[in-house]
Amino acid sequence: MPKEYKTIREVVGPLVLVEGVSGVKYDELVKIKQSSGDERIGRVLEVDEDRALVQLFSSTHGLRIADSKAVFLGRGIEIKLSPDVLGRVFDGLGRPIDGGGEIIPERIVDINEAPLNPVARDYPSEFIQTGISAIDGLNTLVRGQKLPIFSGSGLPHARLAAQIARQARVRGKDEQFAVVFAAVGITFEEVDFFIKDFQRSGAIERSVLFMNLANDPAIERIATPRMAITCAEYLAYTLGMHVLVIITDITNYAEALREVSAARKEVPGRRGYPGYMYTDLASLYERAGRIRGNKGSITQIPILTMPEDDKTHPIPDLTGYITEGQIILSRDLYLRGIFPPIDVLPSLSRLKDKGIGQGKTREDHSETMNQLFAAYARGKEAKELATILGEAALSDMDKLYSEFADAFEKEYVAQGYYTNRSIEETLDIGWRLLSILPKSELKRISLKNIEKYYPKEV
């Protein structure tokens, strides 16, 4: 039952101190009511004996302590769920913003659900096709995986996120697929871009969007990813769908975490972020996966911008420990007009070998993937050598590898944001590029696959 207190003692910024409370819980929702009828919602940030510190989701401007009372609701932040959430757009707290009316819920769920029980987890092993060659061919995404995208300020991660949301699908008949998209702390212009892109492509019909703006309160920013993941859990484990969760930008989430930590006067950790940031991020990422005996699955693509393009910054560093690889965007490729600018060499999908091969993609996938990596790495070395010593220092074979590296970036990586390639198209492009090299150089591919797939001379 809700408990009312007229013992508000202090208001500082978005924080409200209430004294003389009992039975109040951390994360509990609070209504601050004024005699004028004005109501504001907040969340318990800290409990110390009979005092509760509440952070409001809106400004405290105009709040009068004398005629206000705090109503503790006895529950945390919840989301209303039903199959009707598909095709809808919500704000960061799950309130509809698309003019479509309220959701009539089949169930109401607290957004702070527990991570999957490790014993109940099933191993990720099925291929998800994003239509992007640099991901599908070389850093394959697998159902139930957590594969973040590491970007930098000004790089086109928003366009890449929209492309993945538009194009991603699971192969096979009768497979229900949905996208849950959470935008955290982004500008109105970016929100408008995402909504219009989803609507124009028709992807909105199989998607649920949660939009948190940069001027929304920090406390709401912390709730938005959990709203999205809780919605995904309902679609996956109750409705049996395969769900792809895209969250952008995790850096904004971590900044909000730091802001709330500072408000609670906690001892800061690395670069001022709270010491529990690893645990907090894990509580998001570890809600992805598959449950043994359940048809549905949750795959996560969190997107984060690395401050100063620094991979050792706490946010990408801790994310890399928790997730199964990373897709890295390159500022150099972006400046050279390669779109999407995915740097395939430092990128990694630790589960890629589990989702490729006969019956999943094609039997030559693993071998061509390894050969393309090796050839591109050697081509980059040859180009660096030519930069230092000049073209004359290169052998004929080095020149071929240098040619391969240029062609690989222009034809394989640079497919643009509106080209949707099947995995077969991606593999065929890979073979066409490998034909730049003589067969004797394809040492990572079996003779059987060379005979079957190496382009025949015309």
Side-chain angles (χ1 to χ4, degrees), residues 132-140 149-157 159-160 306 308-312 326-349 352 364-417 419 421 425-447 449-458:
I132 299 167
S133 294
I135 296 176
D136 293 349
L138 301 176
N139 295 288
T140 313
I149 294 174
F150 289 4
S151 182
S153 179
L155 293 182
H157 46 271
R159 299 189 69 180
L160 179 60
M306 300 178 289
E308 300 175 357
D309 294 358
D310 180 11
K311 282 182 279 198
T312 66
Q326 66 278 328
I327 304 295
I328 295 180
L329 301 191
S330 162
R331 196 169 295 279
D332 175 60
L333 290 177
Y334 173 68
L335 294 174
R336 288 196 279 123
I338 306 292
F339 304 123
I342 296 173
D343 196 348
V344 299
L345 292 181
S347 296
L348 170 68
S349 170
K352 62 188 173 189
D364 60 317
H365 191 160
S366 178
E367 293 179 352
T368 53
M369 174 181 68
N370 294 334
Q371 190 66 64
L372 285 167
F373 267 124
Y376 182 51
R378 183 166 170 187
K380 294 270 284 184
E381 287 177 6
K383 289 172 70 66
E384 288 171 8
L385 190 64
T387 302
I388 298 167
L389 301 177
E391 288 279 342
L394 299 183
S395 67
D396 290 339
M397 191 56 69
D398 285 338
K399 289 175 183 175
L400 275 181
Y401 275 104
S402 178
E403 180 190 339
F404 171 88
D406 287 334
F408 177 83
E409 290 175 354
K410 289 174 185 173
E411 295 180 39
Y412 196 94
V413 179
Q415 68 180 74
Y417 296 110
T419 302
R421 293 175 180 165
E425 288 178 275
T426 289
L427 292 170
D428 290 344
I429 292 169
W431 276 105
R432 191 170 72 245
L433 291 169
L434 289 173
S435 69
I436 294 171
L437 306 172
K439 290 182 182 179
S440 59
E441 288 296 303
L442 307 185
K443 295 168 185 174
R444 289 170 170 78
I445 304 178
S446 66
L447 289 173
N449 281 332
I450 289 175
E451 287 301 315
K452 185 173 180 180
Y453 293 107
Y454 192 89
K456 305 293 187 287
E457 294 181 9
V458 181

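Remember, it's a predicted structure, so these values are computed and weren't measured experimentally. Every heavy atom of this structure was used, including side-chain atoms; hydrogens, water molecules and symmetry mates were not.
- Side chains of E403 and D406 form no contact here, defined as non-hydrogen atoms less than 4.5 Å apart.
- Annotation: side chain of P156 is in contact with side chain of P341 (closest heavy-atom distance under 4.5 Å).
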Which pairs of donor and acceptor atoms, one on a side chain in residues 328-337, lie under 3.5 Å apart (sequence neighbours left out)?
| unit_1 | atom_1 | unit_2 | atom_2 | d |
| --- | --- | --- | --- | --- |
| S330 | OG | D332 | N | 3.2 |
| S330 | OG | L333 | N | 3.1 |
| R331 | NE | D309 | OD2 | 2.7 |
| R331 | NH1 | S153 | O | 3.1 |
| R331 | NH2 | S153 | O | 2.9 |
| R331 | NH2 | D309 | OD1 | 3.0 |
| R331 | NH2 | D309 | OD2 | 3.3 |
| D332 | OD2 | R336 | NE | 3.3 |
| D332 | OD2 | R336 | NH2 | 3.1 |
| R336 | NH1 | E409 | OE1 | 2.8 |
| R336 | NH2 | E409 | OE1 | 3.4 |

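- Using a 4.0 Å cut-off between charged nitrogen and carboxylate oxygen, E391 and K399 do not count as a salt-bridge pair.
- A side-chain donor from one of S133 and R421 sits under 3.5 Å from a side-chain acceptor of the other.
- The shortest heavy-atom contact between L160 and Y417 is N-CE2, 4.2 Å.
- Across every non-hydrogen atom of A134 and N139, the tightest pair is O-ND2, 3.4 Å.
- We find the CG-CG distance between D428 and D364 to be 8.0 Å, quoted to the nearest 0.5 Å.
- Applying the 6.0 Å contact sphere to CG of L389 captures more than 12 heavy atoms from other residues, nucleotides or ligands.
- With hydrogens and angles ignored, the 3.5 Å screen pairs a side-chain donor or acceptor of T419 with a backbone N or O of Q415.
- Taking CG of N449 as the start and OH of Y454 as the end, the distance is 14.5 Å to the nearest 0.5 Å.
- Between W431 and L372, every side-chain heavy-atom pair lies at or beyond the 4.5 Å cut-off.
- Of all heavy-atom pairs between G137 and T426, the closest is CA-CG2, 3.9 Å.
- In the model, S347 has no side-chain atom that pairs as donor or acceptor with a side-chain atom of Q326 under 3.5 Å.
- Looking at heavy atoms from C-beta onward, E441 lies out of side-chain contact with Q371 at the 4.5 angstrom threshold.
- Remark: I450 CD1 to S435 OG distance equals 12.0 Å, nearest 0.5 Å.
- Here the closest non-hydrogen pair linking L345 and A377 is CD1-CA, 4.1 Å.
- The closest side-chain heavy-atom distance from L434 to I445 is below 4.5 Å.
- Here CD1 of I429 is found 12.0 Å from OG1 of T368. Values are rounded to the nearest 0.5 Å.
- Of the residues E451, K452, E367, the one that meets the side chain to side chain donor-acceptor pair (under 3.5 Å) test with S446 is E367.
- A donor-acceptor pair under 3.5 Å is formed between the side chain of S349 and the backbone N or O of T140.
- Put simply, the side chain of S366 does not reach to within 4.5 Å of the side chain of K352, judged on heavy atoms.
- Here the straight-line distance linking atom CZ of R378 with atom OH of Y401 works out to 4.5 Å at 0.5 Å rounding.
- Interatomic distance, CZ of F150 versus CD1 of I327, reported as 10.0 Å (0.5 Å rounding).
- The nearest pair of heavy atoms linking K383 to A405 is CD-CB, 3.9 Å.
- Smallest separation of non-hydrogen atoms from F408 and L138: CZ-CD1, 3.5 Å.
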